[in-house]
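Below is one structure; the comments refer to it alone.
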Amino acid sequence: MDLTWSTEEEAFRAEARSWLEANVPRDLPSGDTAEGFALHREWERTLFADRWAVVSWAEEHGGRAASLWDWLLFEEEYYRAGGPQRVTQNGIFLLAPSIYEFGTPEQRDGILPRMAAADDLWCQGWSEPNAGSDLASVASKARRVDGGWVLDGQKTWTTRGAFCTHLFGLFRTDPESARHKGLTYLLVPLDTPGVTVRGFGRLDGDEGFAEVFFEDAFLADEAVPGGVVLGEVGGGWGVAMATAGSERGLTLRSPGRFLVTAERVAGLYGRRDFTDAALRRRVADAWMKAEAYQLQTLRTVTRLAGGDKAGAEASLMKLWWSELDVELHELALDIIGADAEVEGPWSKGWQFALSGPIYAGTNEIQRNIAAERLLGLPRK
Amino acid sequence: MRFGWDEDQQAFQDAARDLLARACPPAVVRAAGSAEVLDRAPWDALAEMGVLAILQAEDVDGLGLDECSLVPVVLETGRAALPHPIVETALVAVPLGVGSALVASDLGGPLVACAGDADVLLLHVGGGLRTFAPDEVDFDPVPAVDRARRLARVRPKPGAAGALLTDDPAVVGLAHDRGVLGTAAQLVGLAHAMLDMTVAYVTERHQFGVSVGSFQAVKHHLADARLAIEFAGPAVARAAWSTATEAPTRARDVSMAKALATDAADVAGRAALQCHGAIGYTVEHDLHLFLKRAWALSRAWGVRAFHADRVAAALGI
């Protein structure tokens, strides 16, 4: 047990902090509108220009080859400095780990630097009107033809799909297959003829969702560098589960953002002109949960550094951070009181937090996974 | 940065777990609830293993180790629902130089566990800590919900002054926080025990022609218990490290550990009772031994609100 950072890690943290303090933009609007998204994309380019966009990636892909520890420090400093949620997140945090694990060298070298630079913006094409938590029931099809694939079907609830350039998604490539078999993980430019995207409003009214239609759309094998298939044809489920592990666990939701939110909630309480013992304890409770998430992450990274693979524990991580995020924002609204119905960052954050227990597999599904795979309870 | 017990600490924990499975099965806990004299066999086995000497300095034949070695072992005593006052002795009294007698103490609250069984009473008197021999105090036995707690209120006899260990508030505060830390570890151990026995039970129990554990409602109760345990464990581990390294955040960290461990034991206990159904609501089944210990320890060494308030104070609100 050693909970101290090395001199090198502290130096890295200090370098990140001073750069972020000088560069983080103030008062960016929501990234879930066309105008806001464009401003966020500029911020992503600023990050990339000084090699802060993807610190843990290889240097040739735009990163600093930083350790997971350094990455955690960067994330904490990023949110402490007031950095906005990353509009590149579905690419850099979800797709990229799967490209590192399953991609060919050509795919890595061709796709990752453009993703890091926010030249290509990736959205996740998994959910369909009839396939939400039950992802294995996806029905969108890809038919093999000479030189490529022909896509038909529909994806939906695609976060920021209306503003992205590319989609990674699961398609059924074996028409005779069912459930987890016969699926392929495809990388699709959204300007492919036959693909149309329609944005629509999420709970907060911003155009943060999209549905994506594929009508006889021809996807050429070389439409993305190194090829449009990630992993094996028919092996999409395994790749998707690796991506889901990233989404539920470590990479998408680093602890820094929750710790910083908890500190801000404490600040919100501290500036009130009343004292309320019950509310004060709720602030302490929420902070403890954020801190516990940090500690659990340190434990997880210690294990990963020791060669362990992330497992079904990611479901516990997802349950914890998503329910914590709701708790933190609900508490903030209770502290703010009647003014909480005025639109503002906390009401916005609250509405976003409410999506946490739904996306990346609902929390009901995560509890099933925890019970079956961690506790060994019978599936049927 | 390295978050987790090292190999020696892990091995010590595993050995303690094996030892307690043999030396302190539920039958021993149950017997402690009614025996005139507390059976010292599990205690002697732990002493033999060196558990009582972990925090003792090497120059007085101790192991000279720190809380990171002791706390994982204390967690195992929670898993076994060990009735003996291991927290009061190994964590609170031993570092104060009390040796390795069986020590009962009121530092964590006015009700003293195993008071009548102790070789030494460590009492919080006038802001300081003093030791008393059993014949220097009056015992007032208290009927406890968890009978294996063997509770009493203890008062020095008129004229008995005991031997002053310390009246330094910082030392008393550290001793108190060590008690909180150990109790938090035991609560996590109790939560593990209750979850494990419930997983086994709902897997073998059949109703409606299927295993009860296949029902989603049951799965969700037990997933919640696992979740609470998963996040309480690291809080206890960090609190052990903060105590061992004399970190300025020690008070905050042990309070956080106690609060989250209390939550874990509460969630696990309620899930265990509900998922066992009627069989768990009997004194013939062993579950109640663990459940009642968790109820007791949740409120001993500071109720949850006390610890949340300490954390709030550390946050500057």
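Note: hydrogens, waters and symmetry copies are ignored here, and every other heavy atom, side chains too, is used. Proteins get letters first, then strands, A, B, ... in listed order; numbering begins at 1 in each.
Using a 4.5 Å cut-off between heavy atoms, Ala237(B) contacts chain A through both its backbone and its side chain. With a threshold of 4.5 angstrom between heavy atoms, Gln366(A) does not approach chain B through any atom at all. Trp320(A) touches chain B through backbone and side chain together, each having a heavy atom under 4.5 Å away. Within the 4.5 angstrom heavy-atom criterion, only side-chain atoms of Glu313(A), from C-beta onward, approach chain B.
Contacts classified as side-chain hydrogen bond (donor to acceptor under 3.5 Å, both in side chains) and involving residues 323-333 of chain A (residues at least two apart or in different chains) are given here: Lys289(A)-Glu327(A), Glu323(A)-Asn363(A), Glu323(A)-Arg367(A), Asp325(A)-His329(A).
No other option in Thr203(B), Asp196(B), Asp309(B), Asp6(B) has as many heavy-atom pairs under 4.5 Å with chain A as Asp309(B). Chosen from Val210(B), Leu227(B), Asp263(B), the residue pairing most often with chain A at heavy-atom distances under 4.5 Å is Leu227(B). Taking Pro378(A), Ser6(A), Ser315(A) one by one and counting their heavy-atom pairs under 4.5 Å with chain B, the maximum is reached by Pro378(A). Among Gln216(B), Arg252(B), His220(B), the residue with the largest count of heavy-atom pairs under 4.5 Å with chain A is His220(B). Top candidate by heavy-atom pairs under 4.5 Å with chain A, chosen from Leu195(B), Leu260(B), Asp224(B), Thr245(B), is Asp224(B). When Ala228(B), Pro234(B), Ala223(B) are compared by the number of non-hydrogen pairs under 4.5 Å with chain A, Pro234(B) comes out ahead.
Val202(B) pairs by the side chain to side chain contact (heavy atoms under 4.5 Å, CB included) definition with Leu377(A), Thr198(B), Val212(B), Val218(B), Leu222(B), Cys275(B), not counting sequence neighbours.
Taking the six-membered ring wherever Trp is involved, the centroid distance between the rings of Phe12(A) and Trp52(A) falls below 6.0 Å.
With hydrogens and angles left out, the side-chain atoms of Thr77(B) and Gln186(B) include a donor and acceptor closer than 3.5 Å.
Annotation: the span from Ile229(B) atom CD1 to Leu187(B) atom CG amounts to 11.0 Å, rounded to 0.5 Å. Of the inter-residue distances, the one linking Thr297(A) atom OG1 with Trp321(A) atom CH2 reads 12.0 Å to the nearest 0.5 angstrom.
Below 30°, between 30° and 60°, or above 60°: for His176(B) and Phe306(B) the angle between ring planes is above 60°, a perpendicular geometry.
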